[in-house]
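The figures that follow rest on heavy atoms only: side chains count, while hydrogens, waters and symmetry mates do not.
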Amino acid sequence: MLKPSQCRAARALLDWTQRDVAERTSISAVSIRAFEKGGDMRESNLRLLRLTFEAAGILFQADGEVTAGGIGVRLRSSSDDA
């Protein structure tokens, strides 16, 4: 699903604060902060976070999905829509 490092990276790419994410998802900023530090989050909230980031143009990559290596995050390009 969504890893804490991917959440932090997605926020950075979008230039969103934890408060920005909280406002867009109705998940408390405290919960987002705890998750990004390695805490647990309900599956439904993880799905909501992922859907919110994807709607804003984030693409999530699984381990080894695009290139050898770990998980990743990137912004969708116009060629991704084709």
Side-chain angles (χ1 to χ4, degrees):
M1 182 48 78
L2 180 69
K3 304 290 185 191
S5 58
Q6 288 177 303
C7 187
R8 291 189 304 270
R11 281 194 315 100
L13 286 170
L14 295 169
D15 196 26
W16 288 1
T17 64
Q18 290 172 339
R19 182 174 300 277
D20 292 331
V21 176
E23 289 172 0
R24 286 171 169 84
T25 62
S26 297
I27 300 170
S28 74
V30 171
S31 293
I32 294 166
R33 185 175 309 112
F35 171 65
E36 288 186 352
K37 288 183 175 183
D40 292 327
M41 183 173 280
R42 289 192 324 229
E43 196 73 24
S44 60
N45 284 346
L46 289 174
R47 276 193 302 276
L48 179 57
L49 279 173
R50 185 176 180 121
L51 289 172
T52 300
F53 286 134
E54 288 174 340
I58 295 294
L59 293 174
F60 293 96
Q61 298 164 215
D63 185 17
E65 184 176 54
V66 176
T67 60
I71 60 173
V73 175
R74 70 177 180 88
L75 283 172
R76 181 177 34 244
S77 68
S78 58
S79 65
D80 291 326
D81 295 330

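For the side-chain contact (heavy atoms from CB on, under 4.5 Å) test, residues two or more places apart in sequence or in another chain that qualify with R33 are Q18, A29, V30, K37.
Of all heavy-atom pairs between S28 and A22, the closest is C-CB, 4.0 Å.
Interatomic distance, R50 CZ to L48 CG, rounded to the nearest 0.5 Å: 13.0 Å. How far CG of D15 is from CG of D20: 8.0 Å, rounded to the nearest 0.5 Å. In this structure, S31 OG and D40 CG are separated by 11.5 Å, a value rounded to the nearest 0.5 Å. How far OG1 of T52 is from CD1 of I27: 7.0 Å, rounded to the nearest 0.5 Å. Atom CD of residue E43 and atom CE of residue M1 lie 4.5 Å apart, to the nearest 0.5 angstrom. For the atom pair SG of C7 and CH2 of W16, the computed distance is 10.0 Å after rounding to the nearest 0.5 Å.
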| said: Could you walk me through whether L75 and I58 satisfy the side-chain contact (heavy atoms from CB on, under 4.5 Å) test, starting with their C-alpha distance in whole Å, then the side-chain angles of each, then the deciding distance to 0.1 Å, before giving a yes or no? | reply: CA-CA 5 Å; L75 283 172; I58 295 294; 3.6 Å; yes
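The backbone N or O of F53 sits nowhere less than 3.5 Å from a side-chain atom of R24 that would complete a donor-acceptor pair.
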